[in-house]
Amino acid sequence: MNETRTTEWADETLYPFYRQSLSVDRLLYDSKTEHQRIRVFENARFGRVLTLDGIVQTTEGDEFIYHEMLAHVPILAHGSARRVLIIGGGDGGMAREVLRHRSVERVTMVEIDAGVVEFAKKYLPNLSAGAFDDPRLDLVIADGAAYVAETDERFDVIIVDSTDPIGPGEVLFTDTFYGRARERLAEGGILVTQNGVPFLQAEELTNTLRALDALFRDATCYLATIPTYAGGPMAFGWGTDGSARSTDLAELRRRAQTSGIDFRYYTPEVHQAAFALPGYIQRLQP
Ligand code: AG3
């Protein structure tokens with residue numbers, strides 16, 4: 001007789017016309033905070049998977065692509081980033097990548113949901129990999145939009161490590177938020193944002209690019225393909241009044257080398273190439 005095994009699948013229905021499914025090989029955590037429903041399960045290929053309200057936020061298997069590209073591209077393009085602000089990023093993966101730069105003196109991470117941080121330490125320890133214990137990290141539990149409106153600190157790099165623009169993350173996609181974030185940048189500072197998968201979320205990127213274009217001398221997006229953000233490459237918004245985008249390859253190589261970081265995804269070549277946009281994405285720019 002054949003052994004019958006029923007696989008449970010986690011459906012991500014972010015779009016009405018397209019969905020992905022990951023097998024839930026072992027459910028580790030499932031609970032609701034006042035902000036959202038948090039689940040962590042184990043998948044044979046992706047390792048531990050974190051979903052918020054059913055949307056895949058990160059997986060142990062492919063998180064390095066996302067976190068490295070949102071952290072190292074602006075930091076190495078900047079060249080002397082000492083103060084970094086992370087908005088969101090409760091799982092600690094972004095803080096981990098940023099803190100790998102010895103030149104970074106202080107990281108302020110503003111996460112709205114204390115529940116995410118607590119459970120991530122417990123259920124996804126490989127994500128933060130000790131980042132929450134680093135004395136250079138200042139963890140603030142607050143609404144990121146309110147934080148940028150109130151603080152008068154300035155940062156060399158601001159990374160918006162958000163969810164999609166649904167629920168608590170929605171305010172992080174507004175013109176008001178981008179404008180306030182810009183005011184918090186030191187001279188030559190760079191703002192980068194999570195902007196979804198343009199093939200499926202074109203409007204989200206169009207709106208951000210329009211806002212960034214109105215605010216910054218240099219506004220664009222760059223790309224990386226992350227398997228569980230399905231549907232094509234993901235876009236990251238980029239805004240700065242400085243000239244960091246034109247840092248040449250030799251200089252990026254020198255900086256990457258000097259950092260001493262052993263990257264898994266990032267290379268100076270990928271960094272430069274990430275800004276090459278296919279026509280359908282170029283046309284979303286104002
Ligand atoms: N937040 C990324 C949200 C991904 C949205 N998914 C999508 N558009 N398919 C990542 C948090 C990791 N620190």
Side-chain angles (χ1 to χ4, degrees), residues 10-22 35-40 46-73 84-100 107 109-113 115-117 119-121 123-129 131-132 137 139 144 158-173 192-208 221 223-237 265 281 284:
D11 278 344
E12 177 192 67
T13 35
L14 186 50
Y15 317 104
F17 40 71
Y18 180 83
R19 72 161 73 152
Q20 71 169 335
S21 251
L22 291 161
H35 296 285
Q36 52 212 336
R37 177 165 182 205
I38 306 179
R39 280 183 109 201
V40 180
F46 290 97
R48 294 190 177 190
V49 178
L50 163 66
T51 66
L52 294 182
D53 291 333
I55 313 295
V56 177
Q57 297 305 312
T58 198
T59 83
E60 283 182 335
D62 64 0
E63 57 87 13
F64 70 101
I65 307 174
Y66 174 87
H67 291 126
E68 287 194 18
M69 287 301 277
L70 260 181
H72 305 315
V73 169
V84 176
L85 172 64
I86 300 169
I87 302 285
D91 54 69
M94 197 64 75
R96 178 200 73 213
E97 285 307 315
V98 170
L99 288 163
R100 291 175 85 187
V107 178
M109 174 177 149
V110 184
E111 164 62 45
I112 193 167
D113 194 341
V116 173
V117 176
F119 105 88
K121 283 189 198 167
Y123 291 93
L124 298 163
N126 297 335
L127 264 287
S128 53
F132 291 117
L137 182 74
L139 174 63
I158 300 180
I159 300 172
V160 185
D161 181 13
S162 66
T163 60
D164 290 291
I166 333 166
E170 200 173 347
V171 287
L172 303 179
F173 291 82
V192 291
T193 63
Q194 183 283 111
N195 263 106
V197 171
F199 187 80
L200 298 169
Q201 298 170 295
E203 200 189 328
E204 173 186 327
L205 184 59
T206 310
N207 289 340
T208 298
C221 66
L223 307 173
T225 298
I226 300 134
T228 51
Y229 303 146
M234 173 170 261
F236 304 118
Y265 188 84
I281 298 175
L284 300 174

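For reference, positions follow the sequence shown, starting with 1. Side chains are part of it too, since the values below use all heavy atoms of this structure and drop only hydrogens, waters and symmetry mates. Numbering of ligands and ligand atoms starts at 1, following listing order.
Of the inter-residue distances, the one linking T163 atom OG1 with F173 atom CZ reads 6.0 Å to the nearest 0.5 angstrom. Rounding to the nearest 0.5 Å places NE2 of H67 at 9.5 Å from CD1 of I226. Distance check: D53 CG to T13 OG1 gives 11.0 Å after rounding to the nearest 0.5 Å. Separating the CG atom in L99 from the CD1 atom in I86 is a distance of 7.0 Å, to the nearest 0.5 Å.
Less than 4.0 angstrom separates some heavy atom of D91 from each of these atoms of ligand 1: 11 (C), 12 (C), 13 (N). Below 4.0 Å from some heavy atom of D161 lie the following atoms of ligand 1, by number and element: 10 (C), 11 (C), 12 (C), 13 (N). The contact set between ligand 1 and H67, taken as ligand atoms under 4.0 Å from a residue heavy atom, comprises 12 (C), 13 (N). Heavy-atom contacts of L14 reach the following atoms of ligand 1: 7 (C), 8 (N), 9 (N) (cutoff under 4.0 Å).
At least one heavy atom of Q201 sits closer than 4.0 Å to an atom of ligand 1. Between S162 and ligand 1 there is a heavy-atom distance shorter than 4.0 Å.
Ligand 1 has no nitrogen or oxygen under 3.5 angstrom from a nitrogen or oxygen of T163.
Nearest protein heavy-atom neighbour of atom 4 (C) of ligand 1: Y229 CE2, 3.5 Å. Of all protein heavy atoms, the one closest to atom 5 (C) of ligand 1 is D164 OD2, 2.9 Å.
Using modelled atom types and a 3.5 Å distance limit, the side chains of T58 and D91 yield no donor-acceptor pair.
Under 4.0 Å from ligand 1, not a single heavy atom of M94 appears.
Counting heavy-atom neighbours within 6.0 Å of F64 CZ, excluding the residue itself, gives a total above 12.
Side chain of E60 to backbone of R48: a donor-acceptor contact under 3.5 angstrom is found.
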